[in-house]
*Asks:* 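Just dropping this structure here.
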Amino acid sequence: MITAARSVSSEESTARTALKLGPKSIAERYRNLVLDTAPTMPAIDRYTGVLYDPLDSRSASSVTRSWWYRHVVVQSAMFGPIGGGDLIPAYRLSHDSRLGSLRLASHWPVRASRALSSRSSGLVLDLRSEGYRALGPVDDAVVLRVVSVDGSGRRKALNHWNKTAKGRLVALLARTGADVRSMDDLVDWARLNGVVVDRVDGTWELVAESLQPVTA
């Protein structure tokens, strides 16, 4: 994967297409050229954006960070399933990147599923987007559908902003030291912490409005 990413990143023209880079982001291709020597940091700190910002990982206590390191696995397009505390360099690659003859959709699923199965037991709560779930399917994982509830009680699935709710959920789980081994445990924990998690028409749903920003 690293070799293929380095190859397409070596020229601006190929990087623009393969990595879907625009004029303002084209310089990100250079990250893929120095993966062997670039500085590293824990995955929980490396990633940013609406999913990871709610974690506020830099201000988290050592106890909270330890929970993430034990329980959180990130599906990386470059490195496959990685632990929250695994040290990784900066890179540019996503689930739908095109790396010539190497297809992420063919390369990762069997390998990633095997790795995930080897390190998981009990409840596996799958918060990945559809594209990343496809890179490492997990049998019996529980997928949470994030919904918003309006004044009349109608539920509507969230798109981009569902990531914020997922980030807040993982932040709160860690900061409360949650011991969740089953969906019954998760529902009980959610009730105690004012979070709405319930089953609707056979689907587990998380109500976004029940999650507020979490502080250290």
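Values below: every heavy atom of this structure, side chains too, minus hydrogens, waters and symmetry copies.
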*Asks:* Looking only at heavy atoms, which two atoms of Pro54 and Ala171 are closest? And how far apart?
*Replies:*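 Scanning both residues completely, I find the closest heavy atoms to be O-CB, 3.8 Å.
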*Asks:* Please examine the side chains of Leu33 and Arg6, heavy atoms only from C-beta on, and report whether any two atoms are closer than 4.5 Å.
*Replies:*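 With C-beta onward as the side chain, the pair touches.
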*Asks:* Enumerate the ring pair (Phe, Tyr, Trp, His ring centres under 6.0 Å) contacts for residues 32-66, please, sequence neighbours excluded, ordered by first and then second residue.
*Replies:*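 Sorted result for residues 32-66: Tyr47-Tyr52.
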*Asks:* With no hydrogens and no angle check, is any side-chain donor or acceptor of Arg133 less than 3.5 Å from a backbone partner on Asp126?
*Replies:*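 Here the side-chain-to-backbone pair does not exist.
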*Asks:* Hey, are the side chains of Pro89 and Arg31 touching, using non-hydrogen atoms and a 4.5 Å cut-off?
*Replies:*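 Pro89 vs Arg31: side chains apart.
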*Asks:* Determine whether a donor-acceptor pair (N or O, by modelled atom type, separation under 3.5 Å) exists between the side chain of Ser117 and the backbone of Ser113.
*Replies:*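 At least one qualifying donor-acceptor pair exists.
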*Asks:* Any luck finding a side-chain donor-acceptor pair between Asp96 and Ser94 under 3.5 Å?
*Replies:*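 Side-chain D/A pair, Asp96 to Ser94: present.
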*Asks:* Would a 4.5 Å heavy-atom cut-off, applied to side chains only, mark Arg175 and Asp56 as touching?
*Replies:*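 In contact.
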*Asks:* Is it the case that the side chain of Trp204 and the backbone of Val197 share a donor-acceptor pair, with hydrogens and angles ignored and the cut-off at 3.5 Å?
*Replies:*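 No, the answer is negative, given that no donor and acceptor are paired below the 3.5 Å cut-off.
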*Asks:* So with a 6.0 Å cut-off around CZ of Arg181, is the heavy-atom count from everything else above 12?
*Replies:*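 Not more than 12 within 6.0 Å, no.
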*Asks:* Can you give me the closest heavy-atom contact between Ala5 and Ser9, atom names plus distance?
*Replies:*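 Smallest interatomic distance, heavy atoms only, reads O-OG, 2.6 Å.
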*Asks:* Is Arg128 reaching over with its side chain to a backbone N or O of Gly136, donor-acceptor style, under 3.5 angstrom?
*Replies:*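 Yes.
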*Asks:* Please answer whether the main-chain N or O of Gly84 pairs with a side-chain N or O of Arg70 as donor and acceptor at a distance below 3.5 Å.
*Replies:*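 A pair under 3.5 Å: no.
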*Asks:* At their closest point, which heavy atom of His95 faces which heavy atom of Ala77, and how far apart are they?
*Replies:*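 The pair with the smallest heavy-atom distance is N-CB, 4.0 Å.
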*Asks:* Leu93 and Tyr132: which non-hydrogen atoms are nearest, and at how many Å?
*Replies:*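 In this case the closest contact between Leu93 and Tyr132 is O-OH, 4.3 Å.
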*Asks:* For the residue pair Trp68 and Ser57, confirm or rule out a side-chain donor-acceptor distance under 3.5 Å.
*Replies:*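 Short answer, no.
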*Asks:* In a check of side-chain contact (heavy atoms from CB on, under 4.5 Å) between Pro81 and each of Val74, Asp86, Leu135, Leu116, which one passes?
*Replies:*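 By the side-chain contact (heavy atoms from CB on, under 4.5 Å) criterion, Pro81 pairs with just one of Val74, Asp86, Leu135, Leu116: Leu116.
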*Asks:* For Arg168 and Thr164, run side-chain hydrogen bond (donor to acceptor under 3.5 Å, both in side chains): C-alpha distance rounded to whole Å, both residues' side-chain angles, the deciding distance at 0.1 Å, then the answer.
*Replies:* CA-CA 6 Å; Arg168 289 177 176 176; Thr164 298; over 6 Å; no
*Asks:* Can you give me the closest heavy-atom contact between Leu186 and Leu173, atom names plus distance?
*Replies:*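 Scanning both residues, the minimum pair turns out to be CD1-CD2, 4.2 Å.
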*Asks:* Using the rule that two of Ile, Leu, Val, Met, Phe, Trp, Tyr join whenever any of their side-chain heavy atoms come within less than 4.5 Å, decide whether Leu125 and Val207 are in one cluster.
*Replies:*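 No, separate clusters.
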*Asks:* In this structure, are over 12 heavy atoms from other groups packed under 6.0 Å from Asp140 atom CG?
*Replies:*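 Counting neighbours around CG of Asp140, 12 or fewer heavy atoms of other residues, nucleotides or ligands fall under 6.0 Å, so no.
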*Asks:* Would one find more than 12 heavy atoms of other residues, nucleotides or ligands at under 6.0 Å from atom CZ of Arg199?
*Replies:*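 More than 12 heavy atoms, drawn from other residues, nucleotides or ligands, come within 6.0 Å of this atom.
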*Asks:* If every non-hydrogen atom of Arg111 is compared with every non-hydrogen atom of Ser106, which pair is closest and at what distance?
*Replies:*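 Taking every non-hydrogen atom into account, NH1-O, 4.4 Å.
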*Asks:* Going by ring pair (Phe, Tyr, Trp, His ring centres under 6.0 Å), name the pairs with one or both residues in residues 6-45, residues two or more places apart or in two chains.
*Replies:*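 Non-adjacent pairs meeting ring pair (Phe, Tyr, Trp, His ring centres under 6.0 Å): zero.
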*Asks:* Are Phe79 and Leu19 joined in one hydrophobic group, where the rule is that I, L, V, M, F, W and Y side chains link up if heavy atoms are under 4.5 Å apart?
*Replies:*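 Yes, same cluster.
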*Asks:* Can you confirm whether more than 12 heavy atoms, excluding those of Glu209, are under 6.0 Å from its CD atom?
*Replies:*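 Yes, because the 6.0 Å sphere around CD of Glu209 holds more than 12 heavy atoms from other groups.
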*Asks:* Do Thr17 and Arg98 touch side chain to side chain, with heavy atoms closer than 4.5 Å?
*Replies:*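 Yes. Closest side-chain heavy atoms under 4.5 Å.
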*Asks:* If only side-chain N and O atoms count, and only distance matters, is there a donor-acceptor pair under 3.5 Å linking Ser182 with Asp184?
*Replies:*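 No.
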*Asks:* Does a side-chain N-to-carboxylate-O contact under 4.0 Å join Arg155 and Asp198?
*Replies:*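 Asp198 and Arg155: salt-bridged.
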*Asks:* Has the side chain of Asn32 got a donor or acceptor atom that lies under 3.5 Å from a matching backbone atom of Arg92?
*Replies:*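 It does hold such a pair.
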*Asks:* Keeping the roles fixed (side chain from Asn193, backbone from Val195), state whether a donor-acceptor pair exists under 3.5 Å.
*Replies:*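 Side chain of Asn193 to backbone of Val195, a donor-acceptor pair under 3.5 Å: no, none is there.
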